[in-house]
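To start, the structure under review is shown below, and the notes come after it.
As the structure lists them, so they are numbered: ligands from 1, and atoms in each ligand from 1. Atoms considered below: every heavy atom in the structure, side chains included; atoms not considered: hydrogens, waters and symmetry mates.
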Amino acid sequence: MECPICQKLKEDKNKIYEDNLVSAFLEDKPASPGHIVIAPKQHAPIFENYDDKIVSHIFVIANKLSSVLFESLQIQGTNILINNGVAAGQKYPHFSLNIIPRTENDSLKFEWSPKKLSDDEMKTAELKLTQFTGNVGHEVVKKMEQIKPEEAEKIQEDEDEENYLIKHLHRIP
Ligand SMILES: [Zn+2]
């Protein structure tokens, strides 16, 4: 059995855009009418697996498709949503980005209750992060860790679907 997103990318059903790097289609279970999913054609579990070129392209296309939604559906806003990793609610081991059209009083909720952090907790988070942010923006070319189709098939044979998803989503670079 293949990755559900790879499978989806091969079909033309509900496809609204395609180029050599990404495809975009209407979500089967939409949050609102016009809910778009963009997925890179290259299979990889999470955002961090993709190189800068693909990451940039995903956002360029997301921006343009968001504009298309504004023009075509007379909406008032969009939420750009990425569930990156199992802990973040990702369902399939293939990165994707959602564009969710919004209208006033559409009753969708994308909110969180703010956590109250002490000054110490904030300072600790800041210090931990800034140890690693020195190279951000420099030429950091990450090597794409691509799972070969044969390898994915073998894992799928050995394990049930849930284990397969978890194993791949936890493969953090
Ligand atoms: Zn895939």
Side-chain angles (χ1 to χ4, degrees), residues 1-70 72-73 75 78-102 108 110 112 132 135-137 139-173:
M1 220 181 85
E2 209 183 357
C3 154
I5 297 216
C6 284
Q7 208 162 10
K8 178 99 191 159
L9 293 175
K10 285 183 192 159
E11 298 168 7
D12 276 331
K13 195 178 163 231
N14 297 337
K15 194 182 280 177
I16 56 157
Y17 174 81
E18 183 175 18
D19 60 35
N20 58 336
L21 295 177
V22 302
S23 274
F25 45 89
L26 291 173
E27 165 65 51
D28 290 334
K29 296 169 183 161
S32 62
H35 179 164
I36 295 171
V37 176
I38 301 176
K41 290 185 170 176
Q42 189 176 19
H43 174 98
I46 57 169
F47 207 17
E48 290 76 3
N49 296 131
Y50 290 100
D51 65 26
D52 291 351
K53 185 185 163 202
I54 293 181
V55 169
S56 307
H57 189 68
I58 289 166
F59 276 98
V60 168
I61 298 305
N63 186 26
K64 290 185 190 297
L65 292 180
S66 184
S67 298
V68 166
L69 286 171
F70 275 95
S72 59
L73 299 182
I75 56 166
T78 51
N79 283 105
I80 311 295
L81 180 69
I82 296 170
N83 294 334
N84 199 36
V86 171
Q90 187 176 352
K91 291 199 189 92
Y92 304 119
H94 186 140
F95 171 83
S96 66
L97 175 150
N98 295 270
I99 311 174
I100 300 168
R102 301 300 305 271
L108 288 173
F110 294 93
W112 60 88
F132 291 89
N135 283 328
V136 173
E139 202 177 348
V140 185
V141 180
K142 284 178 190 160
K143 235 186 150 181
M144 166 73 196
E145 188 196 13
Q146 194 178 9
I147 298 157
K148 296 187 191 95
E150 315 89 73
E151 191 192 339
E153 240 165 65
K154 197 181 170 304
I155 294 163
Q156 191 82 36
E157 279 165 19
D158 296 346
E159 299 175 24
D160 68 32
E161 198 188 10
E162 197 176 3
N163 284 343
Y164 167 77
L165 296 181
I166 288 164
K167 187 167 177 182
H168 281 258
L169 290 170
H170 284 164
R171 196 181 273 204
I172 286 162

Next on the checklist: Distances under 2.8 Å only: what protein N/O/S atoms are near the Zn ion (ligand 1), ordered by chain and residue?
Outcome noted: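 The answer, once waters are left aside, is C3 SG, C6 SG, H43 ND1, H94 ND1.
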Checklist entry - Any side-chain donor-acceptor pair under 3.5 Å between N84 and E48? => result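 On atom types as modelled, these side chains qualify, holding a pair under 3.5 Å.
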Item to check | salt bridge (Lys or Arg N to Asp or Glu O under 4.0 Å) against K53, all qualifying residues, sequence neighbours excluded | outcome: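 Checked K53 against salt bridge (Lys or Arg N to Asp or Glu O under 4.0 Å); zero matches.
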Tabulate below the donor-acceptor pairs under 3.5 Å that side-chain atoms of residues 16-27 make, not counting sequence neighbours, or state none.
{"unit_1": "Y17", "atom_1": "OH", "unit_2": "D19", "atom_2": "OD2", "d": "2.7"}
{"unit_1": "E18", "atom_1": "OE1", "unit_2": "K15", "atom_2": "NZ", "d": "3.4"}
{"unit_1": "E18", "atom_1": "OE2", "unit_2": "K41", "atom_2": "NZ", "d": "2.8"}
{"unit_1": "D19", "atom_1": "OD1", "unit_2": "L21", "atom_2": "N", "d": "2.8"}
{"unit_1": "D19", "atom_1": "OD1", "unit_2": "V22", "atom_2": "N", "d": "2.8"}
{"unit_1": "D19", "atom_1": "OD1", "unit_2": "H57", "atom_2": "NE2", "d": "3.4"}
{"unit_1": "D19", "atom_1": "OD2", "unit_2": "H57", "atom_2": "NE2", "d": "2.6"}
{"unit_1": "E27", "atom_1": "OE2", "unit_2": "K29", "atom_2": "N", "d": "2.9"}

Item to check | Sequence neighbours excluded, every pair satisfying salt bridge (charged side-chain N to carboxylate O under 4.0 Å, His left out) that has a member inside residues 56-66 | outcome: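 Output for this query is empty, none listed.
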Next on the checklist: Within the 4.5 Å heavy-atom criterion, are I46 and F95 side-chain neighbours or not?
Outcome noted: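 The answer is no; the side chains never approach within 4.5 Å.
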Checklist entry - Parallel under 30°, tilted from 30 to 60°, perpendicular over 60°: which one fits the rings of H94 and H43? => result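 Perpendicular, since the angle between the ring planes exceeds 60°.
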